Structures are given as structure tokens and as C-alpha cells.
Number of protein chains: 2
Amino acid sequence: MKIEDKLLKNKVKPTAMRLLVLRKLMERNSAIGLTELENLFDKVDRTTLYRTLKTFEKNKLIHSIDDGTGMTKYALCLEGCECNPEDLHVHFHCNNCKETFCVTDTGIPLVQLPMNFKLEEINMVIKGICSSCK
Amino acid sequence: MKIEDKLLKNKVKPTAMRLLVLRKLMERNSAIGLTELENLFDKVDRTTLYRTLKTFEKNKLIHSIDDGTGMTKYALCLEGCECNPEDLHVHFHCNNCKETFCVTDTGIPLVQLPMNFKLEEINMVIKGICSSCK
DNA sequence: AAACCGGTGCAATAGAGTTGCAAAGTTTTA
DNA sequence: TAAAACTTTGCAACTCTATTGCACCGGTTT
């Protein structure tokens, strides 16, 4: 799918900036943080990127990941993702190369919660060493 | 067990400050962040609390939890905890009262990782509404 | 053309975490 | 017991990410 169409499909007006950012995200196979994203460009404003990511997130183009590094990371949503609990997947953070990956082939296992606890979201991050760093 | 003994058992010198902090932690049934902890006292230094928590963590009296709120929370380890993956448990964060609880009755379910990924730690936080807020 | 509006850029702020340094307190050693 | 050595504590300062306010710019509508 063309990048522009992807934006339109999620009701995001395709500005030059947004096309650039989405392209960068699509070129990646790991999640990216704001500062990292900033470094992929020669000269952009951090705030603009910040708001671009927020916009993408609100429109479910990307989801945010808190991998415990203190920096929020973002990764592309899968086709048709609504960011509901059942759409969520595990994330893996490599303690060596510090990359964070989506583990999309396994869903998050269900956990028995104590009585009367209502589930709304799940965040599961596994840390270790990724295959490239082995 | 007396509070002082608990410290000694984990090889932490029982200073007045540490006794106070550990007591506060034991009075709680939910995890606590640095700022919250600070507010439980009339007049303490943030840095001292910070370092006290770090010391406790290093000596496995408490474990830290990243519940995605941006503030690291701390909660008492269970008896005999070595903070290994198999000692870890799920945490529950209430979106209403913002408290974070340890769900100690269920371990973290194992997840099949992609080939050649090595697990070292797991952080699993479930968000929703706790029984008190229902 | 004027008013409007979303998007962008710059500057400034907020808040958590962290570090350096010196004072106070404890323990060890001569 | 006194001096030296080490640990803990308190204060101040700083880092870094996230976030907000405000002004400007470009395109669109009236």
C-alpha cells in the first residue's frame, strides 16, 4: 500500500512531514523512540515529530511501547489493529543492542486476575538477548 | 519478623531512615513511587529516599515495577525472592485509583520467543479497574 | 481579500531520575 | 581513646524525556 493511502485510510492528512515520518517507521523492523527518530533526519523539530507520533498513535497507525528504558517507543500497528487487548502482542527488548521488537507471532497469554479486577490493557515486555546479538 | 531483622537478613545496615522507609513499605499493599513515598513523610530528602530504595532493590528487599505511568514503583519482594524470571509476577495497575498491585497468586505465563532469543527478565503489567474501584 | 484552521517551529517548562560534594554519623584501627 | 576510614545523609545542581504556549505559515473557505 502506498504510504499516502495508509495515512488517508487512518484519517490522517498526508502532509510532507507525516509522509517522511511514516516512511521511516516502515523502513524499520524495530520500535523507535522520539530521540532516535529525530536523529534519522538532518534537521527537524522535535516537537513536530512528537506531535506527529501522537497523531499517528491516536489514529492507530502506530502503538506506543513502554519497554522500561524510560523512553517511549513506537512501532507500526498491524493491519486492522484496534489496539484492543486482543490486538496486543509481546515486545522484546534486547539488553545488548537496546532494540525493541514486536513479537507478533504470539499473542499475550491470558492471566487469571483476582476476583473483580477488570482488564483493559496489557503491557508485556520481555528482556534478554536477541538473535542478532547472540 | 522484626523490621530490623529483615534488613539484617538482606545485609542492609539498619539505620533509622531505612527502618522508617521499610516500615512504610510494609504498611502498604500497593507499590509506591519515589514522590509518593516522599509525601508520606513530613520532611525527608528525596535523594536519601532514592538511595534507600536503590539499596533495598540491590539487596532484594524490594523490586521495581515499571507500570507505564512514567514513575518507577517499588514493592516488597516475597520471602526468598531472588528476582529471577521465575520469581517474577504480574502487576496490576488500576486506571481509576492509579494504584499498582502485585498479583502474586499467578506467575507470569511463559511465552514462546522467536528462535535464538534469550530471556532474562519479564515485565508484565495489566491495566484495568481494581476490585475497590468497581 | 479577509477570516479561518491545521500544521509546524521555537522557546520554555515540568517532572523524574541521577550525580557531586560536603557535613554528620559509624566503625575500624593504631 | 583518638585518629583515620568508611558510610549515610542532605543540599544543590543537572540531565533527559515529555509536554505546552505561542507565533508563524500555507492552504482553504467565506
Side-chain angles (χ1 to χ4, degrees), chain A residues 3-4 6-8 10-25 31-59 61-75 93 98-100 123 125, chain B residues 3-4 7-8 10-25 31-59 61-75 93 98 100 123 125:
Chain A
I3 296 188
E4 183 167 346
K6 205 162 161 121
L7 286 171
L8 288 171
N10 288 60
K11 308 214 167 54
V12 177
K13 196 198 288 183
T15 65
M17 195 71 240
R18 289 173 179 167
L19 289 167
L20 283 174
V21 171
L22 183 52
R23 177 180 324 254
K24 289 288 182 202
L25 292 175
I32 193 171
L34 181 53
T35 306
E36 267 171 294
L37 182 61
E38 198 180 357
N39 293 334
L40 292 185
F41 295 92
D42 275 342
K43 189 194 165 301
V44 271
D45 180 62
R46 192 179 173 74
T47 314
T48 303
L49 290 180
Y50 171 74
R51 285 194 264 235
T52 301
L53 290 174
K54 285 287 179 197
T55 303
F56 284 3
E57 187 184 18
K58 185 159 49 118
N59 290 277
L61 270 161
I62 62 179
H63 59 271
S64 65
I65 306 157
D66 178 355
D67 61 12
T69 56
M71 286 170 294
T72 307
K73 303 280 176 63
Y74 297 88
H93 177 76
K98 315 295 180 196
E99 298 283 339
T100 298
N123 183 51
V125 177
Chain B
I3 296 187
E4 185 168 343
L7 286 171
L8 288 171
N10 288 58
K11 307 215 166 53
V12 177
K13 197 198 288 181
T15 66
M17 195 74 242
R18 289 172 179 166
L19 289 166
L20 282 175
V21 171
L22 184 52
R23 178 180 324 250
K24 289 287 181 203
L25 292 175
I32 192 170
L34 181 54
T35 306
E36 267 171 293
L37 181 61
E38 200 181 354
N39 294 334
L40 291 185
F41 294 90
D42 274 344
K43 188 193 165 301
V44 270
D45 180 61
R46 192 180 173 73
T47 315
T48 303
L49 291 179
Y50 171 73
R51 285 195 265 233
T52 301
L53 290 174
K54 284 287 180 198
T55 302
F56 284 4
E57 188 184 17
K58 185 159 49 118
N59 290 277
L61 270 161
I62 62 179
H63 58 271
S64 66
I65 307 155
D66 178 355
D67 61 11
T69 56
M71 287 171 293
T72 307
K73 302 279 175 67
Y74 298 88
H93 177 77
K98 313 296 182 197
T100 298
N123 183 52
V125 177

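Below, chain A is the first sequence line, B the second, and so on; all start at residue 1. Bear in mind that the values here come from a model prediction, so they are computed numbers and not experimental data.
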**Asked** Would B/I32 and B/L25 satisfy side-chain contact (heavy atoms from CB on, under 4.5 Å), going step by step from the backbone distance to the final call?
**Response** CA-CA 8 Å; B/I32 192 170; B/L25 292 175; 3.4 Å; yes

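When DNA chain D is scanned in the 5' to 3' direction for atoms under 4.0 Å from non-hydrogen atoms of chain B, the outermost contacting nucleotides are D/dT7 to D/dA12.
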Any N/O pairs under 3.5 Å between the protein and nucleotides 9-13 of chain C? List them or say none.
from	atom 1	to	atom 2	distance (Å)
C/dG9	OP2	A/T48	OG1	2.9
C/dG9	O6	A/R51	NH2	2.6
C/dC10	N4	A/T47	OG1	3.3
C/dA11	N6	A/T47	OG1	3.3

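Side-chain nitrogen and oxygen atoms of B/Y50 include at least one within less than 4.0 Å of the OP1 or OP2 phosphate oxygen of C/dT18. Contact check, B/T72 against C/dG17: a side-chain N or O comes under 4.0 Å of OP1 or OP2.
Nearer the 5' end of DNA chain C, as judged by each residue's closest nucleotide, is the contact made by B/T35, out of B/T35 and B/K13.
A/G33 comes within 4.0 angstrom of no nucleic acid atom, judged by non-hydrogen atoms across all strands.
Of all the heavy atoms in A/P14 and A/L8, the pair that sits closest is CD-CD2, 3.7 Å. The two residues A/G68 and B/D66 make their nearest non-hydrogen contact at CA-OD2, 2.9 Å.
Note that the NZ atom of A/K73 and the CD atom of A/E99 stand 7.5 Å from one another [nearest 0.5 Å].
What separates CG of B/L37 from P of C/dG17 is a distance of 12 Å, to the nearest Å. For the pair A/L7 CG and C/dG6 C1', the computed distance is 15 Å after rounding to whole Å.
Partner of B/M17 under the side chain to side chain contact (heavy atoms under 4.5 Å, CB included) criterion, chosen from B/V44, B/D45, B/L22: B/V44.
The main-chain N or O of B/T52 is never found under 3.5 Å from a side-chain atom of B/R18 such that the two would form a donor-acceptor pair. Between the side chain of A/D67 and the main chain of A/T69, a donor-acceptor pair closer than 3.5 Å is present.
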